[in-house]
Amino acid sequence: MFLRRSSVPGFRYVAVLLIGIALGFTLATWILQHIGHGGPIFNAKRCTQADTREDGITSTTVDSVSSRNLIFIGVMTAAKYLPTRAVAVNRTWAQTIPGQVAFFSSGASEVPAEWNLPVVSLQGVDDSYPPQKKSFMMLKYIHDNYIDKYEWFMRADDDVYIKGYKLEPFLRSINGSQKLFLGQAGLGKAEELGLLHLQHGDNFCMGGPGMVFSRETLRSIAPHISYCLKNLWSTHEDVEIGRCVRKFAGVDCTWSYEMQTLFYQNYSSGDLPFTGNLHRPEVWKAITLHPIKRTPHMYRLHAYLESQYMARKRLQILNYYREIQDMKELLHEDRTQSSGNFDHETQQLGLHPSLMKFRAGSFEDVTPWKFFSRYLYLHNMDSPRQGFTKPIQAAVTDVVLQIMQLINSNSKRVGRTIEFKEIMYGYSRVIPPYGVDYILDLLLTYKKHQGSSRALSVRRHTYLHQSFGRIELIEDELLTNDVETQVEESNSIVSQNAFTSLVSFQDNTFHKKSQETIYFIMPLAGRLDTFLRFMKNFEKTCLIPGDSVKLLVVLFRLPENDQSAEIEESLMKYKKQYPSYDLRLLHGVGDFKRGLALDLGASQFPKSALLFFVDVDMYLSPGFLSRCRLNTQLGSQVYFPSVFSQYNPDFVYGPQSHPSSQLVISKEAGFFRNYGYGIVCLYNGDLQRVGGMDSSIVGWGFEDVDLYQKFVSSNISIFRAPDPGLVHIYHSVECDSSLEPKQYQMCLGTKGNTYGSNMQLAKQLQELRSKLGGETKEIEEE
């Protein structure tokens with residue numbers, strides 16, 4: 001009993017051991033085979049270095065062993081395109097290819113060593129067009145030197161972009177041991193049908209988007225290239241390559257609708273392809289993109305695709321954080337015991353997408369939604385309806401493209417596709433530090449392909465959350481201002497004397513500009529107290545520091561309670577106190593007209609004078625004077641600053657709780673008046689060039705809009721920006737009903753906008769509603 005009972009476990013132990021050794025040997029053999037043949041167990045890595053081969057071609061090596069010998073790409077080019085297109089290709093997409101890229105040009109091509117360009121000069125071949133001989137001899141060269149070193153081979157143009165990270169998984173999904181000829185199948189242009197001598201059912205792979213040959217296909221046609229060159233039936237080299245492949249390899253270019261998307265040909269004329277918006281489905285889906293005729297567009301496309309590549313990597317990192325957080329929850333790890341930045345990042349970044357990541361604890365913490373349809377509507381703007389800006393359009397387009405990719409990810413299996421038509425409406429909001437939320441109402445087209453085909457219009461709501469990734473800090477080297485260092489670095493371009501002269505010229509120009517006299521022109525009618533406040537600020541900002549300014553007040557008398565004498569007396573006191581300054585007063589005749597006052601004031605100064613149209617309600621800061629001078633150029637640019645306009649302080653702070661300093665710039669205290677154009681810095685000559693002010697407009701308003709429109713229609717640029725150095729002090733607005741309808745509506749709009757912010761008004765309405773609701777409840781209880 002003892003021996004039997006002990007022998008059974010021993011037999012089992014030996015059996016398990018033998019089975020384990022056999023399985024281990026089988027698994028190791030399978031892994032080694034996949035390493036040698038680039039199996040799917042290994043992911044492609046980015047190219048890292050270059051080696052010079054014995055035949056003189058520089059081969060690009062990659063980190064992953066599986067990707068090293070996947071594909072050889074021969075790029076057809078010409079001597080004149082080597083320094084432009086070829087260099088651009090070598091610096092962009094060639095660095096992403098899982099294999100080797102070489103450029104094939106005529107026998108007379110010479111390449112400087114500093115280009116670092118792997119070029120094969122085909123002897124006996126010139127750069128004439130059509131390049132049939134160059135194309136066939138390139139394939140012959142590739143076969144003779146690389147047929148046993150790569151699994152796939154590709155013929156490409158120098159104006160095509162190839163995505164290496166998409167090319168590799170595409171080729172790995174195909175059995176490369178068969179005879180295959182891949183690309184976008186073509187039959188020729190409509191006017192060429194019947195003239196290319198193609199048999200019924202024959203086709204060819206279009207050369208522009210690229211031709212891909214399996215090893216067996218290239219091996220089959222290489223011995224017959226001389227025959228194919230001697231028996232050309234057309235002037236199109238891609239047609240003739242297709243004919244040669246069909247005759248000696250017995251295969252056609254792949255008849256597949258999907259190839260039109262993967263090997264994408266843009267049929268726009270001239271240099272237009274891929275010059276506009278790159279945020280398009282065809283750019284995302286394609287493996288190759290053709291044509292890119294100009295080198296800057298190649299770099300631009302590469303930068304865009306690299307940014308998309310980085311976005312995918314960031315999403316991958318987020319998914320890792322989510323998996324880590326999920327595992328921590330499964331392991332019941334106590335979050336209160338975790339410490340360190342890593343655990344904090346894991347908890348925050350590991351949250352799965354949700355619109356409920358953040359919950360407001362009070363009314364002040366509520367994050368408002370932006371609504372958009374044909375326009376964008378914002379709660380915190382004085383004009384809630386805004387036009388779509390390019391960044392917002394790009395963000396929404398990006399979101400929609402991702403939605404459609406998710407929806408159609410399994411479209412082949414279910415036999416239907418859904419196409420995007422338009423956004424009916426949507427909401428968005430930013431929740432720091434979690435991400436961006438979207439609610440979209442989409443109009444889509446449902447297309448069924450299996451069975452009876454049909455197309456239906458459908459509407460779907462989507463709820464989306466774009467999570468923020470890790471915070472990245474990038475340090476930028478500070479530029480030195482040391483003149484000697486700049487001179488040393490620029491010796492190859494300009495001499496030291498020339499550089500010094502340039503710096504001296506710029507310094508002199510800046511010095512003259514900063515000392516230029518500003519001619520203040522102020523229209524005025526009554527308002528003595530406000531004028532005294534302005535003059536006190538004018539004295540502090542301009543007169544005491546000794547700035548180069550002049551002031552002209554164009555004063556109109558009022559029919560009742562006129563204060564002209566007091567205003568003139570006050571101005572004369574400042575003139576006596578500061579005799580070196582030109583402080584003048586000019587009397588206007590008749591009813592007050594702001595346009596007439598400004599036009600009359602401008603006529604008192606030369607055309608070279610830098611004018612500043614100012615209102616008596618304005619508070620000036622010293623920084624504005626510099627911006628007034630620097631942002632104007634005679635004959636070229638005028639400056640229309642957006643002034644900060646105060647809200648009613650009684651409404652903002654309460655009647656008895658005004659702050660000691662009311663000159664606070666914040667969203668609660670006021671707003672930058674983007675719709676106002678009355679404050680402007682311009683040269684008198686430019687004012688006269690556009691026709692001057694409209695002196696027929698009575699009262700305040702609309703004369704500034706008229707002047708702005710004149711400059712818009714001229715060839716003079718308008719510089720417009722919020723200027724914190726100009727604060728419009730709040731005063732009550734009284735709108736005269738006898739004004740012109742447009743002026744009266746503008747006045748009412750100004751009066752409403754200066755009362756308080758939309759958020760403050762909404763909060764007061766909510767408090768009033770709560771108060772009234774409480775009173776109503778008490779009445780009901782009684």
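Along the sequence shown, residues are numbered consecutively beginning with 1. Since this is a predicted model, take the numbers as computed values, not measurements.
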task: Quick one: do L456 and T445 satisfy side chain to side chain contact (heavy atoms under 4.5 Å, CB included)? Show the steps, please.
output: CA-CA 6 Å; L456 299 173; T445 301; over 6 Å; no
- request: Please assess D144 against K140 for the test salt bridge (charged side-chain N to carboxylate O under 4.0 Å, His left out), listing each intermediate value before the final yes or no.
  value: CA-CA 6 Å; D144 294 345; K140 180 72 167 57; 2.7 Å; yes
- request: For side chain to side chain contact (heavy atoms under 4.5 Å, CB included), just list the numbers for R85 and M298, CA-CA rounded to whole Å, side-chain angles, deciding distance to a tenth of an Å, and then say yes or no.
  value: CA-CA 8 Å; R85 293 182 182 179; M298 178 71 74; over 6 Å; no
Worked check of salt bridge (charged side-chain N to carboxylate O under 4.0 Å, His left out) between D148 and R219: CA-CA 10 Å; D148 293 323; R219 197 192 302 274; 3.7 Å; yes
Trace of the side chain to side chain contact (heavy atoms under 4.5 Å, CB included) decision for V89 with D159: CA-CA 8 Å; V89 167; D159 60 350; over 6 Å; no
message: Working note: D157 + V75, criterion side chain to side chain contact (heavy atoms under 4.5 Å, CB included); need CA distance, chi angles, decisive distance, verdict.
response: CA-CA 5 Å; D157 285 343; V75 180; over 6 Å; no
message: Could you walk me through whether Q260 and Y264 satisfy the side chain to side chain donor-acceptor pair (under 3.5 Å) test, starting with their C-alpha distance in whole Å, then the side-chain angles of each, then the deciding distance to 0.1 Å, before giving a yes or no?
response: CA-CA 6 Å; Q260 299 181 32; Y264 182 71; over 6 Å; no
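K166 NZ: more than 12 foreign heavy atoms inside a 6.0 Å radius. More than 12 heavy atoms of other residues, nucleotides or ligands lie within 6.0 Å of OH in Y267, so this atom counts as buried by the packing criterion. Atom OH of Y304 sits in a crowded spot, with more than 12 heavy atoms from other residues, nucleotides or ligands closer than 6.0 Å. Counting heavy atoms of neighbouring residues, nucleotides and ligands inside a 6.0 Å radius, atom CZ of R91 does not exceed 12 of them.
Between Y321 and Q325, the side chains place no donor N or O within less than 3.5 Å of an acceptor N or O (distance only, hydrogens not considered). Side-chain contact check for S467 and R314: no donor-acceptor pair (N or O, by modelled atom type) lies under 3.5 Å. A donor atom on one side chain and an acceptor atom on the other are not found under 3.5 Å apart for H290 and N266. E323 and N319 share no side-chain donor-acceptor pair at under 3.5 Å. No donor-acceptor contact under 3.5 angstrom links the side chains of N408 and T417, judged on distance only. Checking S234 against E240 by side-chain atom types alone, a donor-acceptor pair falls below 3.5 Å.
The shortest distance between side-chain heavy atoms of V120 and F104 falls below 4.5 Å. A heavy-atom distance below 4.5 Å is found between the side chains of D398 and H279. M211 has its side chain within reach of D238: a pair of non-hydrogen atoms, C-beta onward, lies under 4.5 Å apart. At least one side-chain heavy atom of L82 sits under 4.5 Å from a side-chain heavy atom of V111. Here the side chains of L262 and F170 are in contact, with some heavy-atom distance below 4.5 Å. Contact check for Q100 versus Y146: side-chain heavy atoms found under the 4.5 Å cut-off. Side-chain atoms of V160 and P291, non-hydrogen and from C-beta on, never get closer than 4.5 Å to each other. Within the 4.5 Å cutoff, the side chain of W152 has heavy atoms near those of the L70 side chain.
Residue Y438 comes nearest to V436 through the heavy atom pair CE1-CG1, 3.6 Å, listed as atom of the first residue, atom of the second, then distance. The two residues E419 and M404 come nearest to each other via the heavy atoms C-CE, 3.9 Å. The minimum heavy-atom distance linking F204 with C253 is given by the pair C-CB, 3.7 Å. Between M137 and L229, the shortest heavy-atom distance links the atoms SD-CD1, 4.2 Å. Of all non-hydrogen atoms in L401 and R280, the two that sit nearest each other are CD1-N, 4.0 Å. Looking at every heavy atom in both residues, S220 comes nearest to H224 through O-CD2, 3.3 Å.
Rounding to the nearest 0.5 angstrom, the gap separating the CD atom in Q184 from the OG1 atom in T261 is 8.5 Å. In this structure, CD in E110 is found 10.0 Å from CH2 in W115, a value given to the nearest 0.5 Å. To the nearest 0.5 Å, atom OH of residue Y463 and atom CG of residue L440 are 10.0 Å apart. Residue L305 holds its CG atom at 11.0 Å from CE of M310, rounded to the nearest 0.5 Å. Here the straight-line distance linking atom CE of M154 with atom CG of L167 works out to 6.5 Å at 0.5 Å rounding.
The side-chain tip of R312 does not point at the ring of Y309 from less than 6.0 angstrom away and within 45° of straight on.
No donor-acceptor pair closer than 3.5 Å links the side chain of K163 to the backbone N or O of T96. R155 contributes no side-chain N or O that, together with a main-chain N or O of M76, makes up a donor-acceptor pair within less than 3.5 Å. Side-chain atoms of Q95 come within 3.5 Å of backbone atoms of N90 as a donor-acceptor pair (strictly under, hydrogens ignored). Looking at T397, its side chain does come within 3.5 Å of a backbone N or O of Q393 through a donor-acceptor pair. In this structure, the side chain of Q132 engages the main chain of T235 through a donor-acceptor pair within 3.5 Å. Judged by distance alone, the side chain of E237 and the main-chain N or O of S135 form no donor-acceptor pair under 3.5 Å.
K134 pairs with exactly one of T77, D126, D127 by the side-chain hydrogen bond (donor to acceptor under 3.5 Å, both in side chains) rule, that one being D127.
Applying the side chain to side chain donor-acceptor pair (under 3.5 Å) definition to pairs two or more places apart or across chains, those involving residues 205-216 are S214-T217.
Between F153 and F72, the ring-plane angle classifies as tilted under the 30° and 60° cut-offs.
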